Amino acid sequence: MKLAGTITAGDVTALDAGNLLPDEAGHFGVYGGRYVAETLMPAIIELDEAYRSICSKANFQAQLARLLKDYAGRPTPLFRAARLTESLGGATIYLKREDLAHTGAHKINNTLGQALLAKFMGKTKVIAETGAGQHGVATATAAALFGMECKVFMGREDIARQAPNVQRMKLLGAEVVQVDSGTGTLKDAMNEALRYWVGSVRDTFYIIGSVAGPHPYPEMVRDFQRVIGDEAREQIFEAEGSLPSMLIACVGGGSNAMGLFYPFLNLPVEMVGVEAAGHGIDTGKHAVTLGAGSVGVLHGSKSYVLQDEFGQIKEAHSVSAGLDYPGVGPEHAWLKDKGRVRYESIKDKQALRAFQMLCSMEGIIPALESSHAVAQAMIEAVRRPPTDIIIVNLSGRGDKDLGIVSEYL
Amino acid sequence: MSRIAEVFRNLRQNGKKALVGFVTAGDPSIPESIEIIKQMCRSGLDVLELGVPFSDPTADGPVIQRSSGRAIQAGVTMAGVLGMVEQIREFSAVPIVLFSYYNPILAYGAEEFYRDSVRAGADGVLVVDLPPEESDELTGQWGADLDFIRLVAPTTPVQRMAKIAARATGFIYMVSMTGVTGSGGLDVSAIERVAADLKESCNGLPICIGFGISTPEQVARLCPIADGVVIGSAFERIIESCPAGGEAAAKVGELVFSMKKAMAAYV
């Protein structure tokens with residue numbers, strides 16, 4: 001049994017601490033960077049400078065810490081899923097309950113951070129893209145809290161399948177802008193948010209919801225999300241007196257996974273990122289960017305993308321709107337190539353089964369996104385002894401998904 | 001001297017300005033697109049910007065998004081675009097700038113792209129989403145046979161303008177407004193201010209202004225400010241509105257002609 005204080009440099013398995021940060025231009029190895037039109041470059045450089053000078057200040061950190069505690073309800077619990085564990089007869093499964101954070105998902109950690117940064121920078125308008133609507137709701141919430149004007153770009157298809165979140169955003173005072181281009185999903189929402197930002201960059205702060213986009217977003221969003229992993233580390237030591245054996249999180253763009261993984265990267269802990277396999281990789285209807293994509297540039301950074309041989313971006317597919325994205329954060333691409341994180345995929349059907357399991361066995365309705373991580377945990381747990389500990393990031397709650405789930409079940 | 005540099009030198013010597021025309025390659029089909037370009041050249045086009053279609057054009061407004069979509073639908077690939085350059089070379093010596101997002105070039109291969117576009121007869125390339133900070137990875141192994149056109153925006157600080165200009169060849173593409181292509185609301189006095197700063201930093205490299213310019217009157221007003229004016233969405237609107245064969249070519253040609261006339265009258 002190891003205690004928190006006894007972790008030494010000798011525990012570093014795959015990465016050196018010095019390797020964990022991107023270079024000054026935001027490259028994680030060959031990934032990341034800034035691939036945007038010149039109109040946005042000055043704004044991104046300004047954001048990078050502001051992020052570095054403001055976010056490390058005690059005043060900023062104190063305000064953010066207070067918001068996370070009193071407003072977002074952190075720390076979120078780490079819950080031992082006893083019945084699920086027993087039914088599988090394998091490793092002990094813990095759930096990091098991000099579904100219990102204000103607005104029902106981990107997204108609030110990041111939007112409070114970015115909106116507070118926007119406030120420090122003197123910006124009064126914010127925009128965001130959203131897929132499942134969780135990031136849109138979290139952005140609208142932070143905007144209401146700070147008295148900022150808020151526009152959320154959301155694909156036509158996602159507006160249809162995530163109606164409750166659309167209503168929430170409107171109640172919170174945000175304008176929801178329907179995006180009809182492309183497939184009307186997250187990718188197209190991000191395209192449109194970038195286009196709008198090109199035209200409004202002088203007074204508007206773009207709150208990107210994932211560890212994607214041009215530098216400094218992947219690094220900044222990860223830093224605002226690492227609170228998940230920092231808490232989980234303390235909580236598991238408290239509960240078990242040891243590190244977990246494994247961390248599991250779903251990966252669309254990858255923010256909840258980076259948030260959980262990052263504080264453990266230098267520790268001997270296995271990590272599994274779970275992509276959405278939709279109808280199955282062989283059907284072509286999936287969102288397995290790391291597992292079945294190739295290197296490309298989308299939405300401002302270089303990473304793995306789903307594309308054809310000519311560099312045209314392909315449609316992704318997943319039953320969960322939040323994972324329905326043909327790109328992935330550049331840090332995940334780097335961790336994949338380094339072999340530090342193993343990336344697996346779970347089909348729609350498996351995720352729906354895991355969704356039902358968690359509902360009936362633990363009394364928790366998970367988001368369909370998080371259900372992918374739960375499904376992977378069920379596979380991993382049965383291969384391991386009860387002394388092994390798996391932490392699953394339950395990144396969001398599933399109330400928003402009841403309409404879709406009732407169609408399938 | 002590159003073909004692009006030569007065109008601008010000749011224009012300057014005669015006190016004239018360049019009309020730079022953008023069309024998406026292969027919209028609505030490769031043969032029709034070639035016909036349209038032929039008419040543009042006949043009508044006095046000075047520089048052709050040939051757009052490489054991309055599925056996610058984040059710097060473009062709805063008009064060019066749709067044109068890009070039509071070209072992809074018609075099966076246009078990078079190889080198809082380069083094939084078009086070869087065809088154009090059979091009837092015109094107009095300088096050709098390939099206007100692309102980075103991903104289709106990345107998929108084609110940096111060195112292959114340079115080799116094949118020079119071989120096809122292209123003169124320059126402009127990669128919208130590849131700022132100077134990232135462009136070495138593309139151009140690192142390139143020779144000097146392809147001009148690299150760089151963008152300056154109204155948001156670009158003066159110091160950065162100089163850095164961009166120092167690495168640009170051919171001409172500088174000055175974005176007229178903070179917005180995507182095809183937007184409205186051209187502010188000529190704001191353009192004048194940016195152009196004045198840019199002239200200080202660009203060591204005599206020609207400056208062409210683009211985004212949101214659609215009428216001969218606007219072209220005439222911008223002539224005194226720069227060395228050239230870029231028109232894109234206005235042509236694509238015509239192409240979109242006449243899907244039936246030969247009509248588009250004639251109409252686009254007419255617009256080129258009336259713009260050239262407006263420029264000649266003003267200069």
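Small disclaimer: the values here were computed from a predicted structure and weren't measured. Convention: sequence-line order gives letters A, B, ...; per-chain numbering from 1. The analysis underlying the following values was restricted to heavy atoms, covering all of them including side chains, and did not include hydrogens, waters or symmetry mates.
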Legend entry - Among A:Asp308, A:Val30, A:Val36, A:Val201, residue most engaged with chain B (heavy-atom pairs, under 4.5 Å): A:Val36
Inset, instruction - Check the surroundings of atom CD in A:Gln312: do more than 12 heavy atoms from other residues, nucleotides or ligands lie under 6.0 Å from it? - result: yes
Legend entry - Side-chain donor-acceptor contact under 3.5 Å, A:Asp203 with A:Thr124: no
Inset, instruction - Please determine, among A:Ile45, A:Leu40, A:Val198, the option with the most heavy-atom pairs under 4.5 Å with chain B. - result: A:Val198
Inset, instruction - Would you check if there is a donor-acceptor pair between the side chains of A:Glu129 and A:Tyr206 at a distance under 3.5 Å? - result: yes
Legend entry - Best-contacting candidate, B:Ser135, B:Ala107, B:Pro131, B:Pro154, against chain A by heavy atom pairs under 4.5 angstrom: B:Pro131
Legend entry - Largest heavy-atom contact set with chain A, pairs under 4.5 Å, which of B:Val127, B:Ile164, B:Asp129, B:Ile105: B:Asp129
Inset, instruction - Taking only Lys NZ, Arg NE, NH1 and NH2, and the carboxylate oxygens of Asp or Glu, determine whether B:Arg70 and B:Glu240 approach each other closer than 4.0 Å. - result: yes
Legend entry - Greatest number of heavy atom pairs closer than 4.5 Å to chain B - which of A:Lys314, A:Glu309, A:Arg202: A:Arg202
Legend entry - Which portion of B:Tyr108 sits near chain A, non-hydrogen atoms under 4.5 angstrom: neither
Legend entry - Nearest heavy-atom neighbours spanning B:Ile207 and B:Cys202: CD1-SG, 3.9 Å
Legend entry - Per-residue contact mode, A:Ser294 against chain B (heavy atom under 4.5 angstrom): neither
Inset, instruction - Counting only heavy atoms closer than 4.5 Å, note whether B:Leu151 contacts chain A via side chain, backbone, both or neither. - result: both
Legend entry - Between B:Thr156, B:Leu130, B:Val175, the one whose heavy-atom pairs under 4.5 Å with chain A are most numerous: B:Thr156
Inset, instruction - Would you please say whether a donor-acceptor pair under 3.5 Å links the side chains of A:His299 and A:Tyr217? - result: no
Please table the atom pairs, donor to acceptor, closer than 3.5 Å between any side-chain atom in residues 75-83 of chain B and protein atoms at least two apart or in another chain.
{"from": "B:Thr77", "atom 1": "OG1", "to": "B:Ala79", "atom 2": "N", "distance (Å)": "3.4"}
{"from": "B:Thr77", "atom 1": "OG1", "to": "B:Gly80", "atom 2": "N", "distance (Å)": "3.2"}

